[in-house]
2 protein chains.
Amino acid sequence: MTKIKETSTNFSNKKALAEECPEVYASNMIGGQWSLAICCYLINGKLRFGELKKKLENITERMLTLQLRRLERDKIITRTVYAEVPPRVEYELTEIGYKLKPIIEELEKWGKLHKKIL
Amino acid sequence: MTKIKETSTNFSNKKALAEECPEVYASNMIGGQWSLAICCYLINGKLRFGELKKKLENITERMLTLQLRRLERDKIITRTVYAEVPPRVEYELTEIGYKLKPIIEELEKWGKLHKKIL
DNA sequence: CGGGATCCCCAATGATACTG
DNA sequence: CAGTATCATTGGGGATCCCG
């Protein structure tokens, strides 16, 4: 069993801030790393490990595994293992995971806006 | 003059992803680190360096400076220096910086939701 | 196929001291 | 007050190999 650190991302002392500040808390949950990209792809439905890896092109298997485990631990995605040969593992957003959609949409809008003023 | 690295956050190869994916791009801009927290405080109006430092309690001056410089470079905040003694420097969100508000609001909603299911 | 285990490096951050 | 400079540290993430 892989040891997962307590924190979602690397917040040294932002922990205290996150406690009282839901937006910072949320940002710590899905900000940075690959979490958001993974959620973006999963928002259209479940995907297998290999499919995610393909979509994320440059991610290493190690990283993908770590990120998925984090998201699973934080109840944002579910992991379903099928007892087959070869193995099949599917990842899907949880109910609250799907609720990230408005955030993603707003991020998308803003991202497009910001690119223009580059 | 402090050298600021090219990247907004630490995206190794997420760069490619961010190019075609505005939401990931946006997440790279404000996700992680202290960026979002800073924007949260500035959304209510301009603040001085010391005021930000106070609100962010645990941040070091060095870190705060770095984050502010990044945000300034990315046109999310403006930095105004007043030629006074003692010095006064104010930080304020730019137009596009203020447009982060919907994102922050959605993050806040989701954060509160997620805390409940802990 | 979908990982786990190890080794290792460097970029991000902390700590401390100094300054216009 | 609002930084800058320098050194020390650490853990995030890459590379590689192995497994059920």
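Chain letters run A, B, ... following the sequence lines, proteins first and then strands; every chain starts at 1. Computation of the quantities below employed the complete heavy-atom set of this structure, encompassing side-chain atoms and omitting hydrogens, waters and symmetry-equivalent molecules.
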- prompt: Any ion pair linking B/Lys46 and B/Glu90 (charged N to carboxylate O, less than 4.0 Å)?
  reply: yes
statement: B/Pro86 has its side chain closest, among D/dT4, D/dC1, C/dG14, to D/dC1
message: So A/Tyr82, base contact, sugar-phosphate only, or nothing? Heavy-atom distance under 4.0 Å.
response: nothing
message: When you measure from the side-chain N and O atoms of A/Arg48 to the phosphate of C/dG2, is any distance below 4.0 Å, counting only OP1 and OP2?
response: yes
- prompt: Between atom CG in B/Leu66 and atom C1' in D/dA2, what is the gap in whole Å?
  reply: 14 Å
- prompt: Could you state the CZ-C1' distance from A/Arg79 to C/dG4, rounded to the nearest angstrom?
  reply: 11 Å
B/His114 (side chain) donor-acceptor with A/Asp74 (main chain) under 3.5 angstrom: yes
- prompt: Salt bridge or not for A/Lys109 and A/Glu105, using N-O below 4.0 Å?
  reply: no
- prompt: Does a side-chain N or O from B/Arg62 land closer than 4.0 Å to OP1 or OP2 of D/dT6, or not?
  reply: no
message: Which is more 5' along DNA chain D, the nucleotide nearest B/Pro87 or the one nearest A/Thr60? Just name the residue.
response: B/Pro87
- request: Measure from NZ or CZ of A/Arg79 to the centre of the six-membered ring of A/Tyr91 and say whether it is under 6.0 Å with the direction within 45° of the ring axis.
  value: no
- prompt: Could you give the CD-to-P distance, from B/Glu61 to D/dA5, as a whole number of Å?
  reply: 14 Å
query: Between B/Arg69 and D/dT4, is there a side-chain N or O to OP1/OP2 distance below 4.0 Å?
result: yes
